[in-house]
Amino acid sequence: MGPITKQSVQKLFLAVPFALIAAGCGGEMDGQGMTEDAQPESAAEPSAAESIASTEQAVTLGGTYWWGTASNGDTTTTIGTSTNRTCFMTSLFGNLKPATAGNWSSAGVYNYAGNWVAFVNHSNSKALATGIQCLNTATNRTSEVTWRQGTAAKLLGAVTADRRCFLTRVEASTNAFINGDSEVKVWNDGLNWYLGGDLTGPGGGRALCVDVPTGMGGWLWGSGEGGGFTENLAYNAGGVACLLSGVGGRFTTNSYTDGVSIDYNSGTRYWEMTVMNGKRGYANCVK
């Protein structure tokens, strides 16, 4: 199995009990295990002046981040401006299962007060982490959409030549993401983009879209229990990025390496996906 963490990733780690990493950044906030409805909503789509930009032939990366903690509460770090810049999930690790029925756990990124904010929110004292990739574009960025178990798939927008949609958050309450059947994902049917899934308990996800000129393909990789593997996604001939369009499986392990992750291997110039212990990931790559 290939390495899970690649050299290109900028790690931002919040210090946790027992000093997993001493030099953390960011701060712990009130509202441990808060309901998801109490968390900040992503800001609306950018202004016309911000959105209308010349279409480039390749995407440029706007920062790669990792954020995780076992400390309870809503822990956040600001990762830069949302002006001409859009951020999506690339990984999810650890334990989404709330310690108390009715509480929520979540991880991802949101747009607040002109900046992107990476976060994890839980109350189970277990490891939970997310990876984030930002792109230097906000062209025709849509508002964030939320899907919850028990509701119909949510419309993200019509399919256009350049529109690409990806996950921004994964959320779980009681009995969500506790078995291999659970998943949340983004897809299109040739006419429209949707966010939806199937969970065994309350939970869901959030997603938004932005224009990127070229799609470079989609992948689904899944691992059996008791191990994992790393497989190639798209080759980076220049200006390629790969992002999470879905995750599935059992996220109940107290581990920062047990999950789904998209990383860039500069030694081979391939984007890669690592999946562990009964989990699966959906990836799409763009240029």
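Position 1 is the first residue of the sequence, and the numbers go up from there.
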*Using a distance-only test with no angle check, is there a side-chain donor-acceptor pair under 3.5 angstrom linking Y264 and N236?*
yes
Could you tell me if the side chain of E231 sits less than 4.5 Å from the side chain of M273, heavy atoms only?
no
Please lay out, stage by stage, how L244 and F88 fare under the test side chain to side chain contact (heavy atoms under 4.5 Å, CB included). CA-CA 7 Å; L244 270 182; F88 299 101; over 6 Å; no
Treat each ILVMFWY residue as a node, draw an edge where side-chain heavy atoms are under 4.5 Å apart, and state whether Y194 and V170 are in one component. no
| Stacked cation flag R169 on W104, 6.0 angstrom / 45 deg | no
Tightest non-hydrogen contact, residues S123 and A99, listed as O-CB, 3.7 Å
So NZ of K154 and CG of N192: to nearest 0.5 Å the spacing works out to 14.5 Å
What one should report as the nearest heavy-atom pair of W187 and A153 is CH2-CB, 3.8 Å
Q.
Assess, by modelled atom type and distance only, whether the side chains of S261 and D263 contain a donor and an acceptor separated by less than 3.5 Å.
A. yes
Is a side-chain donor or acceptor of W193 paired with a backbone partner of L208 at a separation under 3.5 angstrom?
no
W66 and Y256 aromatic centres sub-6.0 Å:
yes
Exam field: side chain W271 to backbone V240, donor-acceptor pair closer than 3.5 Å
yes
- Task: Indicate yes or no: at least one non-hydrogen side-chain atom of Y110 is less than 4.5 angstrom from one of T76.
- Result: yes
- Does a donor on one side chain and an acceptor on the other come within less than 3.5 Å for E183 and Y282? yes
- Query: Linking I/L/V/M/F/W/Y whenever their side-chain heavy atoms sit closer than 4.5 Å, directly or via other members, would L128 and I178 fall into one cluster?
  - Reply: no
When rounded to the nearest 0.5 Å, the distance separating OG1 of T252 from CG of L96 is 9.5 Å
Go through the side-chain N and O atoms of N265 and E272 and say whether any donor and acceptor fall under 3.5 Å apart. yes
Margin query: Let's go through E171 and R148 carefully: what are the C-alpha distance in whole Å and the side-chain angles of both, what is the deciding distance for side chain to side chain contact (heavy atoms under 4.5 Å, CB included) to 0.1 Å, and is it a yes or a no?
Written below: CA-CA 9 Å; E171 305 164 339; R148 293 281 172 81; 3.2 Å; yes
With no hydrogens and no angle check, is any side-chain donor or acceptor of R85 less than 3.5 Å from a backbone partner on L135? no
Whether the side chain of H122 engages the backbone of T69 through a donor-acceptor N/O pair (distance < 3.5 Å, no angle test) should be reported.
yes
Exercise. Parallel, tilted or perpendicular: which fits the ring planes of F251 and F177, with parallel below 30° and perpendicular above 60°?
Worked result: perpendicular
| message | Check the orientation of Y235 and Y270. Use parallel for under 30°, tilted for 30 to 60°, and perpendicular for over 60°. | response | perpendicular
Taking G203's backbone N and O only, do any of them form a donor-acceptor pair with S173's side chain (distance below 3.5 Å, no angle check)? no
**Message:** Same cluster or not: I262 versus W219, using hydrophobic residues (I, L, V, M, F, W, Y) connected whenever any side-chain heavy atoms lie under 4.5 Å apart?
**Reply:** yes
In short, N103 meets P98 closest at the heavy-atom pair O-CG, 3.2 Å
* Asked: Is any side-chain N of the basic residue among K279 and D258 closer than 4.0 Å to the acidic one's carboxylate O?
  -> yes
CG of N254 to NZ of K97, rounded to nearest 0.5 Å, is 13.0 Å
>> Taking the side chain as everything from C-beta on, heavy atoms only, tell me whether T130 gets closer than 4.5 Å to F93.
In response: no
Check: Hey, does S106 have a side-chain heavy atom less than 4.5 Å from the side chain of F119?
Finding: yes
Will you find, in the side chains of N140 and D211, an N or O donor that is under 3.5 Å from an N or O acceptor? yes
Quiz item: Given N179 and R250, is the side chain to side chain contact (heavy atoms under 4.5 Å, CB included) satisfied, shown in steps?
Solution: CA-CA 5 Å; N179 59 42; R250 178 176 56 84; 5.6 Å; no
Query raised in the report: Between D162 and V212, does a side chain to side chain contact (heavy atoms under 4.5 Å, CB included) hold up when you go through it step by step?
Result: CA-CA 5 Å; D162 294 343; V212 183; over 6 Å; no
Any donor-acceptor N/O pair, R206 side chain to V109 backbone, under 3.5 Å: no
Any heavy-atom pair between the side chains of W67 and I132 that's under 4.5 Å? no
For this session: Compute whether any side-chain donor of one residue and acceptor of the other, for N115 and T78, lie under 3.5 angstrom apart.
Result: no
- Where does the angle between the aromatic ring planes of W221 and F229 fall among parallel (under 30°), tilted (30 to 60°) and perpendicular (over 60°)? perpendicular
query: Can you tell me if R141 and T86 form a side-chain donor-acceptor pair at under 3.5 Å?
result: yes
Taking the side chain from T174 and the backbone from G102, do they hold a donor-acceptor pair closer than 3.5 Å? yes
- Query: If you measure only the distance, is there a donor-acceptor pair under 3.5 Å linking the side chains of Q133 and T90?
  - Reply: no
The reported gap from CD in Q149 to CG in N175 (rounded to nearest 0.5 angstrom) is 11.5 Å
Item checked: pair L92-V260: side-chain heavy atoms closer than 4.5 Å -> no
Heavy-atom nearest pair, S245 first then C165, reads CB-O, 4.5 Å
### Message
Under a 3.5 Å distance rule, please check whether N121 uses its side chain to pair with a backbone N or O of S105 as donor and acceptor.
### Response
no
The reported gap from CG in L195 to NZ in K185 (rounded to nearest 0.5 angstrom) is 11.0 Å
Notebook entry, point to check: Going only through I, L, V, M, F, W and Y residues with side-chain contacts under 4.5 Å, is there a path from I79 to M89?
Noted result: yes
Smallest heavy-atom separation, S223 atom then N277 atom, equals OG-N, 3.5 Å
Item to complete: Assess the side chains of S125 and N72: does a donor N or O sit below 3.5 Å from an acceptor N or O?
Response: yes
Subject >> Side-chain donor-acceptor contact under 3.5 Å, T139 with T137 >> reply: yes
**OP:** Would you indicate whether the side-chain heavy atoms of N136 and L61 approach each other to under 4.5 Å?
**Re:** no
- Do V286 and T214 come within less than 4.5 Å of each other through their side chains, counting heavy atoms only? no
Tightest non-hydrogen contact, residues M276 and T257, listed as CG-O, 3.6 Å
- May I ask you to decide if L199's main-chain N or O and S182's side chain share a donor-acceptor pair within less than 3.5 Å? no
